[in-house]
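Input: a single structure, listed below in structure tokens.
No experiment lies behind these values; they were computed from the predicted model shown. Convention: sequence-line order gives letters A, B, ...; per-chain numbering from 1.
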Amino acid sequence: MAEDVNVNKDDRKKFFHWRSTKIPLATELSYRYDPMEMKEKFLPTEKQRELYNSLNKVFSDDPMDKMNKKVYKYGGAVGQSRAKQEFVEWGKKLAKERGIPSYNREVGIPLGQRYYEPQLISGTDIIVDFDDLNLYNNPAMQQMIDDVKRTVIIGLDIPHRVLQLRVGKEITPESMNLYMETLQHTLGGGAVVQEHMAEVHPGLTYDAYAKILTGDDELKEQFDKRWVLDVDKEFHPERAEKLKKGIGESLYVVTRNPTLRVRMADGGAIKRGSAIASTMAFVASYRLTGEAVISDFAYAAKHAQQIAMGEIMWQSRSRAENEPGGIPYGYWADICTAESYLEPKPFFSAVVEDLDEGKRQLDAALEAGTIAAVALENYWLGVYMSGGISFTSASAVVMAGNILDDFVYRFAELLHTYFKGHERFPSKWMTGRAITETAVQYMMEVYEKYPALFEYHWGGGLRMAVMGIIGPALLSMTTGDAMLGNMLVNYAIGLIAKEGWVRTGFSGQEVQDHIGMPYSCSLRAEEGGLIELRGMNTPYISYTATHSAAAVAQCYAGMMGRGSAWCTSPLVKAAFADPHLIFNFREPRKEIARGALREFEPAGERDIVRPGRR
Amino acid sequence: MAELKRRRRGRKIKKYKPQLYPGPDEVSERRRFAMDASRRLKRFRSIPDDNLVMLLGHRHPGELYLSIHPPLDELVEKYDPVKNIVEPTPGARAGDRIRFILFTDSVYYPPMAPWLRARAYLNRYRGIDTVVYSSRQLLEMRERDLEAVSKELIETNLFDPGRVAIRGLTTHGHSLRLDEDGLMFDARRRYKFDKEIGEVVYIKNAQAEILDMPIPVGRPMSEREARGQDVTYRWDVAPYKSRTEIMSVIARYGTARIIGGYNPELLDEIDPLYGVRYDEIDKIKNNSEKYKNGGGE
Amino acid sequence: MRKEYKVSVYNDEGKEIAENVPIKAFHPLRNPYMREIAWTLKRTAIVNLHKIETMLSEGKAGWTTGTGQNEVQMPWYGFDVDLIGHAEYIADELKKMIQVEKDDDTEIKVIENGQILIVKVPKARLIYAGDYSPTFTSTAVALGQIIARLANLTPLEEPYKLGLLKNVLWGRYPQSVTPQKGNPISLIIKYPSALEGLGTSLKSTIINHIVALVDKRTLWGAALATILEQLSQAEMGNNIGWYENYNLLGSVYQGFNANNMVLDLIKENKSGSVYSVLVSTLERAIEDKIIEVKSNRYPDVQPSGYKLYSPKDFLLWNAYALAGMMAAVIVNVGASRALQSAGAVLSYFSDILAFEAGGLPDGDCGRVMGTALGYTFYTHGVFGGAGPGMFSLDHVLTRHTSGFFNPCIVAAACLDAGTQTFTPEVSSGIYFTIRKHLPEFDRPIEKVAEAAEEIKNEV
């Protein structure tokens with residue numbers, strides 16, 4: 001196969017041929033080398049990589065070996081996995097207890113003919129069972145989405161104006177603080193207006209609360225610190241400054257409904273829950289009666305100044321507000337606050353100056369990808385839309401095995417070494433195209449060199465998702481343009497990766513890529529638009545999986561590339577840097593690992609009212 | 001039409017020569033070979049008809065074909081001038097039901113891969129339905145047509161018993177490491193390597209039902225042979241990063257789609273390969289002395 | 001200044017109907033026949049008196065299933081009333097109630113011995129309405145009153161009968177968003193409250209209905225689907241400015257057999273494969289100087305001799321690619337006489353075309369390919385919706401092109417010899433009947449071309 005590359009100069013004719021232009025054109029021969037010989041040369045270097053070590057750890061085998069002599073001899077998944085053993089025990093127990101069979105490993109396909117690999121959570125040393133990353137089994141993942149769903153931001157400017165102008169009440173620090181104190185009571189299910197009311201056990205709704213959010217320092221000072229979401233505290237000083245400017249002098253209240261409400265009802269109930277709690281708190285704290293003015297409070301809280309995370313969806317996917325499918329990509333990028341303590345320096349300058357800083361920024365982008373993969377792939381598509389048990393692999397590829405981390409670190413090193421003195425790549429399709437080609441080809445080669453990695457990302461859809469995230473996200477990071485990044489996602493998956501292996505993902509995977517290319521910059525009704533404001537309700541996006549992590553990563557990467565403090569909305573960004581949230585949006589991967597280890601305490605449980613718990 | 005035909009007759013038109021696929025290298029050539037209906041596939045092995053029927057598992061050998069509608073000749077259809085132009089396949093004519101064969105192609109030096117299968121199928125066969133997945137490729141046809149095509153697909157160079165598998169369900173395994181005999185992983189263990197005869201034998205049919213007797217499908221290719229058949233670009237066969245022709249084509253293709261999606265009329269003016277207006281390219285070409293003199297040489 | 005294009009249109013027997021007509025005459029808002037189709041779609045309601053009678057007597061209404069339709073059963077509320085016997089009377093009364101002015105354009109036809117009424121509401125009802133709801137609402141309300149009177153219903157005695165009558169005519173509406181599936185009063189297109197998105201109403205009918213409306217005649221199906229799609233493109237604002245010629249050229253070549261291209265390609269490749277159609281398409285494009293290799297130097301000719309074709313006229317190239325696509329579908333489906341492969345042909349034809357022509361964009365710049373991939377996946381998988389014929393033209397799986405995807409599927413569905421579970425006969429049986437009484441849907445290619453011929457000097 002291989003031919004020697006060191007040939008005589010006389011043989012140049014073999015390598016080049018001349019057309020009428022007389023330009024020497026390289027033929028395939030000029031790129032030939034002996035790959036096996038090369039392998040020996042690069043092996044020691046490869047062994048130093050995170051990728052090699054992680055795969056070695058996960059597979060307890062040489063990840064560069066094409067053969068697995070132990071295959072078929074692993075003794076099934078039950079023999080290999082603690083979780084599966086537990087499932088089998090429970091299956092038997094349930095069958096006995098209820099008289100109807102339950103989980104039964106004897107039906108369907110025999111699992112675990114091959115190595116049932118555990119999952120190493122990226123950025124940590126934690127190794128967990130694959131089953132522990134299933135959305136149903138992982139309370140941290142569930143809480144992450146619950147925390148998003150139960151958040152509603154309400155503007156207070158209109159109610160305050162109404163109070164002053166129409167009711168003639170004075171707004172003082174005391175009255176505003178009384179309102180906030182009342183709101184903490186009403187949000188959890190306490191009554192304030194009717195004198196004969198059954199109320200909610202506060203132990204069930206301990207996670208319901210509200211916080212004041214404003215960009216005006218003086219205004220902030222007037223509030224009790226217990227219910228202030230202090231941007232200065234939660235962000236790097238420079239980010240805080242930018243955010244405060246973005247939020248402005250207006251006054252907002254970030255409300256968190258109890259998780260129990262999300263579990264009982266849906267996002268529409270949250271929207272109304274926040275509105276009614278706020279209106280009640282106004283009525284009680286400003287001693288209003290049943291007069292016409294009250295409807296203005298209700299209208300302001302429910303519509304005029306309500307910022308719900310998501311909007312209602314098209315009828316065929318019909319969901320109320322605040323459900324994951326209705327939340328635009330840009331908001332998901334804002335919901336991840338992994339970057340909150342990092343200096344808001346454009347990625348390119350950051351990585352050129354300090355490699356570690358660049359890597360930290362890249363880590364943050366991967367955290368955003370993780371949030372999107374869990375919320376949109378596992379939860380939205382895997383549970384809501386498909387009616388399935390969540391596509392666990394789709395998020396595992398993003399957050400496990402240090403794979404994506406390794407890929408992006410290599411590019412960071414490249415930038416750090418070769419691009420000193422540059423500030424940014426131009427946001428040009430031609431530039432992006434060339435760089436993405438290189439990135440995707442590089443990643444494909446890594447897969448080829450590491451059979452264990454191929455096995456780890458066993459489905460084409462998973463590998464395509466990785467390539468869709470990494471190459472284009474680097475472009476968004478280095479240009480600050482999320483739109484360009486998204487165009488390149490389509491190009492990377494739909495064309496580059498496809499032609500190399502003449503193989504992509506599952507057949508419907510490239511829907512978004514082929515439609516996405518002509519749609520990207522179109523001005524027609526259902527086409528085009530900023531990627532930040534598209535989402536899972538956009539018709540052409542709505543029915544295919546494995547692109548949302550990439551899309552959110554583009555939005556987030558664009559933000560990091562620009563060095564801006566938020567992606568789409570400063571309010572959403574600030575709202576999710578709140579330390580009182582049950583799920584820590586700064587470190588989603590670590591939180592999910594805690595969930596897998598059964599160390600995460602979710603909210604919304606009913607233990608208090610279960611028998612014998614009083 | 002009449003006018004066009006007249007025009008056509010009037011001029012001597014050079015017959016169009018299909019180019020199929022870009023690239024000067026062997027992998028491109030293999031892709032072209034698989035796709036080119038005018039080139040006969042190389043026959044590597046022989047599978048008796050009955051064995052094939054058992055392998056597919058849709059009917060028993062000798063059993064009649066089930067039909068889903070009456071034969072076309074007996075079917076009373078509404079008048080439609082187009083319906084009778086196209087010749088139906090034998091299976092369609094007989095009203096056979098539509099059955100399928102699925103091939104899973106390993107990532108390790110496969111002689112075929114899903115997207116290429118789609119291209120080859122549509123080039124070579126008539127009346128087919130196909131769907132590309134990452135590991136497998138579905139081919140659905142009228143039953144008797146399917147059997148004929150399957151035979152060709154298994155007996156020729158498009159099949160490697162070690163790295164291509166016939167699977168009806170539980171199809172994954174394409175990206176897994178090979179087993180100790182160098183065969184692609186199969187969670188249903190439909191086949192194994194028979195050391196005595198040195199061939200791969202199927203002990204279950206495509207639907208993973210145990211066969212009455214094992215069916216040999218030939219000797220698996222050695223790694224060296226498989227490399228010589230590989231249709232994918234790999235770092236150790238033919239590295240993808242040096243495929244300038246393919247990259248030019250897809251660069252052009254992707255860019256043109258984006259421009260065309262925005263404003264289709266622009267494509268008459270802008271070269272999608274360079275993203276520059278055609279007249280500017282001409283200007284650059286004319287101004288470049290270096291170019292005129294044949295580049296650096 | 002935009003280029004002027006002219007085409008000749010041939011019917012499915014290869015006969016020239018219109019010669020050298022400017023494509024502007026095929027604009028959905030200018031072509032009188034296309035306008036008529038839009039108008040008919042909007043104002044036609046179909047009333048199944050037989051079904052109403054049965055439902056009333058069995059006490060059945062408000063189901064949610066497409067087939068079976070018997071999960072809601074309240075036989076104790078049923079009552080008998082002879083509607084079919086009074087069909088003429090009902091039609092007369094209905095006309096009186098629906099018409100706005102005496103002798104306006106209200107039309108009511110009694111067909112099938114009184115089992116079915118075709119109701120066309122007058123212009124005044126629709127022109128002063130925000131959408132086309134009155135076609136359904138006014139028919140249903142009027143019919144309710146007529147039947148109540150026929151059956152001597154009164155709120156003071158057995159009031160449940162009135163409740164049942166309302167639910168028979170309206171389903172659970174407004175407890176549900178639309179009347180029930182298979183409602184005895186129906187529109188050809190979707191109820192406005194079921195629409196998703198701006199401007200998708202005129203194409204909101206299912207593929208099998210169109211197949212039935214053209215009596216399974218392939219190129220008629222393609223033409224009718226093209227008309228609906230292009231009307232909808234106009235409704236969505238998609239065929240304006242830059243896209244006007246693009247949409248018009250694509251639709252006349254693909255849907256109306258312009259210059260007999262589709263038929264020629266089919267005839268040339270009657271025993272050929274998808275690829276042979278593709279080659280014929282390219283041959284023709286080169287011959288007609290639509291595409292060319294700009295020079296014999298790099299990069300137009302690559303080192304291996306591979307040629308990169310460039311468009312001389314991209315809009316025409318797109319139209320050729322789309323016509324080739326239609327022919328390829330007909331050739332492949334014509335060979336297997338099975339609808340299911342249409343999606344596969346549309347996606348992989350595009351893919352092969354791009355690599356054959358050196359990276360020239362495929363039909364509709366990739367929109368058709370992407371849509372087809374999704375369609376293929378969902379018509380072959382566990383997440384799927386149904387057999388290919390059951391999708392509506394505005395379905396989220398089929399709507400993402402400039403109107404060039406569904407005509408091919410409709411053509412394929414016409415060619416199906418009966419391999420589907422949900423055949424047009426099963427899902428759209430009534431449309432085979434009413435097409436005889438709705439001459440608008442007959443001979444669409446001929447009519448669209450004749451209409452274009454009529455106005456060719458005006459545009």
Side-chain angles (χ1 to χ4, degrees), chain A residues 1 18 21-24 26-28 31 35-36 39 65-69 71-72 109-110 113-114 429-430 433 437-438 441-442 444-445 448-449 451-452 454-455 457-461 463-464 487 490-491 494-496 498-507 517-523 527, chain B residues 23-26 31 105 107-108 113-116 131-135 170 172-180 182 185-189 224 227-228 231-244 246-247 250-251 253-255 257-258 260-262 274-275 291 293-297:
Chain A
M1 242 341 265
W18 282 262
T21 58
K22 296 198 176 159
I23 297 179
T27 65
E28 192 207 357
Y31 298 103
M36 289 306 144
K39 189 177 174 181
D65 200 347
K66 266 200 292 280
M67 244 173 221
N68 176 10
K69 294 193 172 147
V71 72
Y72 304 125
I109 184 184
Q113 297 292 304
R114 58 153 144 157
W429 167 252
M430 293 297 161
R433 195 173 84 178
E437 275 169 14
T438 315
Q441 286 162 349
Y442 166 72
M444 288 169 77
E445 282 205 1
E448 288 155 9
K449 285 174 186 163
F454 239 133
E455 180 162 332
H457 293 174
W458 48 269
R463 295 189 293 270
M464 291 302 131
M487 286 157 72
N490 301 334
Y491 186 59
L495 295 176
I496 311 177
K498 180 179 128 210
E499 278 322 303
W501 291 333
V502 272
R503 179 196 305 270
T504 46
F506 58 92
S507 74
M517 277 183 235
Y519 269 32
S520 52
C521 296
S522 167
L523 301 172
E527 312 178 359
Chain B
D25 54 290
E26 286 126 350
R31 292 184 183 184
D105 301 298
V107 294
Y108 297 108
W115 269 94
L116 187 59
V131 186
V132 175
Y133 300 85
S134 66
S135 66
T170 315
H172 81 275
H174 73 287
S175 56
L176 269 52
R177 291 169 290 171
L178 305 171
D179 75 5
E180 57 185 341
F185 171 79
D186 180 5
R188 298 276 183 180
R189 303 217 66 182
R224 194 187 156 74
R227 279 168 176 229
V231 294
T232 64
Y233 287 107
R234 278 180 64 89
W235 73 278
D236 57 353
V237 174
Y240 188 35
K241 60 188 167 198
S242 43
R243 298 308 127 193
T244 42
I246 297 180
M247 292 328 271
I250 64 177
Y253 184 30
T255 312
R257 277 172 159 194
I258 287 170
Y262 163 69
Y274 300 117
Y291 190 87
N293 298 336
E297 285 295 315

Proximal component of A/T504, with respect to chain B [non-hydrogen, under 4.5 Å]: both

A/Y72 and B/F185 aromatic ring geometry - parallel, tilted or perpendicular at 30°/60° bounds: parallel

A/L495 versus B/I250, closest heavy-atom pair with distance: CD1-O, 3.7 Å

Chain B contact via A/M464 - side chain, backbone, both or neither, heavy atoms under 4.5 Å: neither

Full working for side-chain contact (heavy atoms from CB on, under 4.5 Å) between A/W429 and B/T255: CA-CA 8 Å; A/W429 167 252; B/T255 312; 3.0 Å; yes

A/M517, part contacting chain B, at a heavy-atom distance under 4.5 Å: both

Side chain / backbone / both / neither for A/Y491 at chain B, heavy atoms under 4.5 Å: side chain

Contact summary for A/E448 and B/W235, nearest pair of heavy atoms: OE1-N, 2.7 Å

B/R189 side chain near A/P110 side chain, heavy-atom distance below 4.5 Å: no

Region of B/L116 that comes under 4.5 Å of a non-hydrogen atom in chain A: both

Pairing of A/E437 and B/R243 as salt bridge, 4.0 angstrom limit: no

Side-chain heavy-atom pair B/Y240, A/E499 within 4.5 angstrom cut-off: yes

Which portion of A/I109 sits near chain B, non-hydrogen atoms under 4.5 angstrom: both

Any residue meeting ring-ring contact (aromatic ring centres under 6.0 Å, His included) with A/W458, in chain and number order, not counting sequence neighbours: none

Among B/M247, B/E180, B/R177, B/R188, residue most engaged with chain A (heavy-atom pairs, under 4.5 Å): B/R177

Heavy-atom pair count under 4.5 Å with chain A, highest-scoring of B/S134, B/G261, B/G260: B/S134

Best-contacting candidate, A/E527, A/K449, A/H457, A/R433, against chain B by heavy atom pairs under 4.5 angstrom: A/R433

Beyond-backbone contact of B/P239 with A/E445, side-chain heavy atoms, under 4.5 angstrom: yes

Region of A/K498 in contact with chain B, defined by heavy-atom distances below 4.5 Å: side chain

Top contributor to chain B interface from A/G461, A/G460, A/G494 [non-hydrogen pairs under 4.5 Å]: A/G460

Segment of A/D65 engaging chain B (4.5 angstrom heavy-atom cut-off): backbone

Most contacts with chain B, counted as non-hydrogen pairs under 4.5 angstrom, among A/Q113, A/K69, A/Q441: A/Q441

side-chain contact (heavy atoms from CB on, under 4.5 Å) partners for B/A113, two or more places apart: A/V502, A/R503, B/V231, B/T232

Region of A/M67 that comes under 4.5 Å of a non-hydrogen atom in chain B: both

Among the listed options B/A251, B/G23, B/G182, B/G173, the residue most often paired with chain A at heavy-atom distances under 4.5 Å: B/A251

